[in-house]
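Below is one structure, written out as structure tokens, with a few remarks after it.
All values below were derived from every heavy atom in this structure, side-chain atoms included, with hydrogens, water molecules and symmetry-related copies excluded. Fair warning: this is a prediction, and the values are worked out from it, not measured in the lab.
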There are 2 protein chains.
Amino acid sequence: MDSFDKKILFELQRDCSISLAQLSERVGLSQTPCWRRIQQLEKQGVIRKRVALLDTEAVNLGLTVFVHLKTNQHNPGWLTSVTDFAEHAPEITEFYRMSGETDYLLKVLVPDMKAYDNFYKRLISQAGFSDVSSSFAMEQMKYSTEVPLDYIHK
Amino acid sequence: MDSFDKKILFELQRDCSISLAQLSERVGLSQTPCWRRIQQLEKQGVIRKRVALLDTEAVNLGLTVFVHLKTNQHNPGWLTSVTDFAEHAPEITEFYRMSGETDYLLKVLVPDMKAYDNFYKRLISQAGFSDVSSSFAMEQMKYSTEVPLDYIHK
DNA sequence: CCAATTAAAGAAAATTTATCTACATGGACA
DNA sequence: TGTCCATGTAGATAAATTTTCTTTAATTGG
């Protein structure tokens, strides 16, 4: 994992639709070693997948909500039902077990308040929570799937 | 935006590295109309971009932190400095202006607590906050860039 | 209900791009 | 110096993208 690999990752994180010719030029390698490195990075699992990112407004998803969950039922069954729900609810794009005040954090994408209310009812009908607090995003100032490459070891 | 478009978006959200042949087969169209629809969706901006997603562990980013910010300085200069910082800090992958208790919410990716502490110092040196509360993710239960297509109008 | 028009789909060819191989070159290092 | 890597060049093949043209299906006006 050297400077060339980092450059490849940097470029592909921004745009993976470019041709090998363009990529290798930007990276400063010829096509063959560039291609070999991509294969390697995919085999190693550093590159997980290649996806298309959609405009959330264009698909009618104007409302982002962060849902802070607390529970008093710390048993396996409870967690399973919540995990299952999150797994199958496409509105939930992120789901974390947290330290501190909130036990679990959800990031939810819906069109509007009405749709969120509907989602909310489905959520609380699925499992018991001692507290559910919803924080609404007024404005998305930044959203990026690019992760920093500055911390890569070596 | 009909059923075919939705299928195309569904597939490309999961994997945009598949060939047009595979995609058109899954969608149930021949290659040409399928290709034309993709072009259209890109021109319309429904498809924003195509990117490679990396394994955060593999690039040494084991710690996800949600940072809740409060301020009492509601002036343009303050916001500009914070926005600038967020823009240029690769550790900040998401940044929202919120309703309710917290004024702004950050999602931050760093290797470990030490790196977060370093980031934290840089953050608070950049602008004044009346409160900064950091929530640490213990476990990522779900992370997806796929957004629900069920709410598309028409 | 039918003919005319339009829009989208399909087929096939042409062009570009990706994939893989073989071999030569040059630097790093014991 | 000789060995080991990784790169570069070249090229062959396969595959994917894009264009062109034809056909089908849907729509509208009379």
Is A:Arg36 side chain donor-acceptor paired with the D:dA6 base, going by distance under 3.5 Å alone? no
Looking across every strand, which nucleic acid part, if any, lies under 4.0 Å from A:Gln40 by heavy atom: base, sugar-phosphate, or nothing? nothing
Salt bridge check: are B:Glu42 and B:Lys49 linked by an N-O gap of less than 4.0 Å? no
For A:Ile18 and C:dA18, give me the distance from atom CD1 to atom C1', rounded to whole Å. 14 Å
Answer with base, sugar-phosphate or nothing: what part of the nucleic acid does B:Thr32 contact at a heavy-atom distance below 4.0 Å? base
Using whole Å, report how far CD of A:Glu42 lies from P of C:dC20. 11 Å
For B:Ile38 and C:dA8, give me the distance from atom CD1 to atom P, rounded to whole Å. 16 Å
Is B:Gln39 near enough to D:dT18 that one of its side-chain N or O atoms lies under 4.0 angstrom from OP1 or OP2? yes
Can A:Glu94 and B:Lys107 be counted as an ion pair, charged N to O under 4.0 angstrom? yes
N or O in side chain of B:Ser19 less than 4.0 angstrom from D:dA16 OP1/OP2: yes
By the salt bridge (charged side-chain N to carboxylate O under 4.0 Å, His left out) test, which pairs, at least two apart or in different chains, include something from residues 19-41 of chain A? A:Asp2-A:Arg37, A:Asp5-A:Arg37, A:Glu11-A:Arg26
Atom pair distance, as rounded to whole Å: CG in A:Leu29 and C1' in D:dT7: 8 Å
salt_bridge(A:Lys142, B:Glu87) N-O dist < 4.0 Å: no
